[in-house]
Amino acid sequence: MAYSEKVIEHAENPRNVGTLDKNDPNVGTGLVGAPACGDVMRLQIKVGEDGVIEDAKFKTFGCGSAIASSSLATEWIKGKTIDEAEAIKNVDIVNELNLPPVKIHCSVLAEDAIKSAIADYRKKKEQKNL
Amino acid sequence: MNPFEVLGLAPVFAIDLKELEKRHRDLSRALHPDRFIGAGASERRASLNKAVEANEAWRVLRDSVSRAEALFRLAGVAVGERDEPMASPAFLMEVMEWREGLAEARAVRDVAAVMKLSGEVSARAMGSEEVLASTFGPKKPGSHELKLAQVQLGELRFYRRFLEEVSAIEEAWQDELPR
């Protein structure tokens, strides 16, 4: 199967690979897995006082499409508010990367990772405000 | 298609793999096109279809994950990403740590670390296979048992993916050895 140019570009030069301190109260960590292929993806966000995502990092063990999807996701959510980031849909990723049908689950994984990172961040904030 | 029926095996998880190979070989021999040269067109077609089916059944049963999937389907339980329970965050955390550990060990060529991780994950995979074997034994599983076994199938896929990665690393290292 041929990868699109954009997938290859992201897979060869992934943006924002790395880790943020998961114990930082301003960092939300999302961890998702794809049972079908056994791949795992971790996506982290660092949110400022104004609710804007200052930084995003990811680590993905998976195929080129999974790496490209998470790389693109971190690029997109940086500078967005968490509400804006939460509105990103997997089809946006599919369209941007021209993912074929068999690789759509990679984009679903990336969307889930964003949502799970935001949920983790919100949970931390709530606990702090209790 | 019921792959167990095709190869004449009891529908259990812990099948005898040697017996599986033998049934497949015998059936392939009996259905070989050379044996049907003088036969009519419809008979030739039927034997060819059966040979294809036997190959497909063998392919499904020789792999523990697809064998378990076949057993779930026979029990009326849908399998696949959308129909199965999500892996727990604690489990995913473990998988992430294993994968990171493996990537690190590969980078510094730490053979012992790769073997240690591989042993750990293999043991976990065996544990999952044991649960699947006791679920899909001679007795029909109940719905609660099936639910627990579904989690094991999901985890088994992650273990298998990890062990494939270990094999890939071992192969790459073999190729790099000076000749």
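We use all heavy atoms of the structure for the numbers below, so side chains are in, but hydrogens, waters and symmetry mates are not. Just so it is clear: chains get the letters A, B, ... in the order the sequence lines come, proteins before strands, and each one is counted from 1. The structure displayed is predicted, hence computed values, not measured ones.
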Any A:Glu86 side-chain heavy atom under 4.5 Å of A:Arg122 side chain: yes

Donor-acceptor side-chain pairing of A:His105 and A:Asn90 below 3.5 angstrom: no

Any donor-acceptor pair under 3.5 Å from A:Ser107 side chain to A:Lys103 backbone: no

Neighbour count >12 (heavy atoms, 6.0 Å) for atom NZ, B:Lys22: no

Under-4.0 Å salt bridge between B:Arg35 and B:Glu43: no

Backbone of B:Gly142 reached by a side-chain donor or acceptor of B:Glu145 within 3.5 Å: yes

Flag, side chain of B:Glu171 to backbone of B:Ala168, donor-acceptor distance under 3.5 Å: no

Main-chain N/O of A:Val91 paired to A:Asn95 side chain as donor or acceptor, under 3.5 Å: yes

Heavy-atom donor-acceptor pair, A:Lys124 side chain to A:Asp120 backbone, under 3.5 Å: no

Side-chain donor/acceptor of A:Gln44 to backbone N/O of A:Gly28, under 3.5 Å: no

Side-chain (A:Arg15) to main-chain (A:Asn13) donor-acceptor, under 3.5 angstrom: yes

Those residues of residues 92-103 of chain B, ordered by number, that approach chain A below 4.5 Å (heavy atom to heavy atom): B:Leu92, B:Met93, B:Val95, B:Met96, B:Arg99, B:Glu100, B:Ala103

Neighbourhood of chain A inside residues 110-124 of chain B, taking heavy atoms under 4.5 Å as contact: none

Contacts with chain B made by residues 50-62 of chain A (heavy-atom distance under 4.5 Å), listed by residue number: A:Lys59, A:Phe61, A:Gly62

Salt bridge flag under 4.0 Å for residues B:Arg23 and B:Glu19: yes

Residues of residues 3-11 of chain B with any heavy atom under 4.5 Å of a heavy atom in chain A: none

Greater than 12 external heavy atoms within 6.0 Å of B:Glu164's CD: yes

Transitive ILVMFWY side-chain link B:Leu17 to B:Leu132, under 4.5 Å: yes

A:Ser69 (side chain) donor-acceptor with A:Ser65 (main chain) under 3.5 angstrom: yes

Any donor-acceptor pair under 3.5 Å from B:Arg44 side chain to B:Phe36 backbone: no

